*Asks:* 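The following block contains the structure, expressed as structure tokens.
In this text, all values refer to a predicted model and were calculated from it rather than measured experimentally. Proteins get letters first, then strands, A, B, ... in listed order; numbering begins at 1 in each.
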Amino acid sequence: MAAEAVRRPRPKGGGAVPFRALLWRFPWLRPVLLLTPPMAWFVLVYFASLVLLLITAFWSIDPFTTQIVQVWNTNNFRIILTEPTYRAIIGRTVGLAALVTVTDAALAFPFAYYMAKVASRRTQTLLFAAILLPLWASYLARVYAWILILNHSGVLNWSLQSIGLPAANIGYTNTAMWVVFSYIWLPFMIIPTYAALERVPDSLLEAAADLGARRWRTLRDVVLPLAIPGVVAGSIFTFSLTLGDYITPILVGGADSTFIGNVVYSNIGIANNVPFAAALAIVPVVIMAAYLLIAKRLGAFEAL
Amino acid sequence: MVAVAGVDLVIDEGEFFTLLGPSGSGKTTLLRMIAGFERPDAGRIELGGRDVTSLPPHLRNTNTVFQDYALFPHMSVADNIGYGLRIKGVPSTERRRRVERALQMVRLTGLGQRRPNQLSGGQRQRVALARAAINEPEVLLLDEPLGALDLKLRQEMQIELKQIQKEVGITFIYVTHDQEEALTMSDRVAVMSNGLIEQIGTPVDVYERPATEFVAGFIGISNVLVRDGVRFVVRPEKIRMLADSEVPEPGAHVEPGTVEEVVYVGMSTRYVVRLDRGEQLVAVRQNMDAAGDAQRFQGRPVRLAWTADHTYVLD
């Protein structure tokens, strides 16, 4: 009896069959099962902490005991929006993020165009390596390298003096931050711009020339409009990465280089005013949300 | 590697001229040289008597209909069609009027505000045609423009293209690998192979009097035979399959063979016959009556007859 049971041909896939049949009968079950773990992670870890951040932002601390007082108030936001110091910091952070984004877009476009439309396969590979290799080095190492270049007795001034030009004292200033940020985030602009340009068929460029457009006209009428989604996609990276950074301002910035992130950091560590830090941290979140909305309008997500 | 060599070609004004050949024969390269996308290493290209060999595409009075249409995806259909006029600085009111007329010509009236991706393949093809023809170039270059369409639509577009060409009177240089397309539309055909022109002539010339074995083989089914040291071609529809007791017409050449295969192709039936002398021939018969009984010929001995004036000697 037992031997017979063993010898009986088993259904293909063994015990999986009823389960598979279940998936076949209820097609919605598959995405539900697939999405549950990441969604759970997303909701619990990311979304919950974001909600906590939002809630904390409406609390305050007792100035004497520095204990968190869980009473709803909007004082933190009022201070952020009215105090000139904070407004200046927000303005600086957003302004520099925007400037870095524009700089990177301007640097990345010709580079990406050359890679996508002019360079041979071999050169393309080499350029890719050149763009991606720096990303393997630590962020800190790359920022420190710039300190060595930009500081008073650094490579920049040494080079300038050796050809008889006056020293440029841009070390530890906002200019230094602009240079360093633009350098560090450049690959994140080049790659999506390249991807967008790569998808523009050569025949479109030929068609424009065929219809009488010179090189620049083709660039303006055909290439640029089709590259914009890629540039906007890249700007999401350059803008948000600059917006959230607080290490480069410490390392290469000066007295006037405080970013939102630095204030958040000091309010958590030194001042121990977590509610205020939370309120300030909401600011870049709101700015990025608005930015992403605009980016979506411009078709950036199809270019990623 | 040389894509095109020794091409000496004069195309008349207002002519529908086709470059026909298999892929890799150099026909597209030749077209791209005329458009200015590629530069010949040697030789000259003249347009209406003017040497344009060293002119870039935007300075040549030619326009191209691209194989993939190359419509600008971020522009409306009307903006696509009007792009050439916009570059030339044609004022917007006149531009709009001419775009409207072009849309009418290709039967797309009312679709001007659509984006290319909202059109079907055939409609896109017509937008590409309108975009090129609206500039009234000296020569309109068409690179396999119907290649991406299905058979039915392709046949419709062949007729339509030919009509439009007659209407606007522009010289068309048309590249295709489809021999039927070449024969039905062209005033003259140049058959190309390996970068060389094998024969230039009217559709009747290249079909009825192929100059080389390549032309004979590429255009239609051809039977090449050698008799008495002479190589010649007999077209399948010129071969008569004689009924058992039928007497061939006087002067006809008759050879016995065996039917190896009977292929029903709708309008006609194709018989593959092994001659007793060894060669294989294809004969075609129109299906005048219901052709249901054609299969009975399978494996049967038959006699094939053709006349000398239906054969064309190859050199």
Side-chain angles (χ1 to χ4, degrees), chain A residues 105 108-110 112-114 116-122 192-236 294-304, chain B residues 28 31-38 55-76 79-90 95 99 102 115-117 124 127-145 148:
Chain A
F109 187 83
Y113 184 85
Y114 180 81
K117 291 283 162 229
V118 185
S120 66
R121 277 256 161 252
R122 225 179 103 84
T193 307
Y194 164 81
L197 286 171
E198 170 86 310
R199 286 197 299 187
V200 177
D202 289 342
S203 66
L204 288 190
L205 310 188
E206 287 180 351
D210 189 70
L211 293 165
R214 286 160 186 278
R215 215 176 276 259
W216 287 105
R217 190 77 199 257
T218 304
L219 198 69
R220 201 188 77 191
D221 290 350
V222 179
V223 181
L224 269 179
L226 292 174
I228 276 183
V231 176
V232 175
S235 79
I236 293 172
I294 297 167
K296 190 178 181 318
R297 283 267 172 86
L298 293 170
F301 297 106
E302 284 92 69
L304 278 174
Chain B
T28 294
L31 194 83
R32 291 172 59 81
M33 282 178 182
I34 301 170
F37 301 132
E38 261 158 72
L55 286 185
H58 70 267
L59 295 179
R60 295 192 188 195
N61 200 1
T62 59
N63 284 114
T64 308
V65 177
F66 291 84
Q67 190 170 10
D68 63 354
Y69 314 143
L71 299 178
F72 305 125
H74 58 296
M75 293 183 197
S76 69
D79 286 346
N80 263 285
I81 296 175
Y83 188 71
L85 299 180
R86 208 174 95 204
I87 299 278
K88 276 190 208 142
V90 174
R95 204 164 70 215
V99 166
R115 289 288 166 109
N117 63 9
R124 268 180 244 182
V127 175
L129 178 66
R131 184 179 68 174
I134 197 173
N135 305 294
E136 292 165 4
E138 282 177 74
V139 182
L140 194 76
L141 306 165
L142 302 101
D143 186 7
E144 309 226 10

*Asks:* Strictly less than 4.5 Å between heavy atoms, which residues of residues 127-142 of chain B line up against chain A? Please order them by number.
*Replies:* B/Arg131, B/Asn135
*Asks:* Which pairs with one or both residues in residues 210-219 of chain A pass salt bridge (charged side-chain N to carboxylate O under 4.0 Å, His left out), sequence neighbours excluded?
*Replies:* A/Arg217-A/Asp221
*Asks:* If we define contacts as heavy-atom pairs under 4.5 Å, which of A/Val200, A/Leu205, A/Leu226, A/Thr218 has the most with chain B?
*Replies:*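 That would be A/Leu226.
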*Asks:* Give the minimum heavy-atom separation between A/Leu204 and B/Phe72, together with the two atoms involved.
*Replies:* O-CE2, 3.4 Å
*Asks:* Chain A heavy atoms under 4.5 Å from B/Phe37: which part of the residue, side chain, backbone, both or neither?
*Replies:*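 The answer is the side chain of B/Phe37.
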*Asks:* Could you name each residue pair satisfying side chain to side chain donor-acceptor pair (under 3.5 Å) that touches residues 223-233 of chain A, not counting sequence neighbours?
*Replies:*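 Pairs touching residues 223-233 of chain A that pass the test: none.
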*Asks:* Could you state the interatomic distance from CG (B/Asn80) to CG (A/Leu211), rounded to the nearest 0.5 Å?
*Replies:* 9.0 Å
*Asks:* Looking at A/Pro225 and B/His74, what are the two nearest heavy atoms and their distance?
*Replies:* CB-CD2, 3.4 Å
*Asks:* Side chain, backbone, both or neither: which part of B/Asp68 has a non-hydrogen atom closer than 4.5 Å to chain A?
*Replies:* side chain
*Asks:* Among residues at least two apart in sequence or on other chains, which ones pass salt bridge (Lys or Arg N to Asp or Glu O under 4.0 Å) with A/Lys117?
*Replies:* A/Asp202
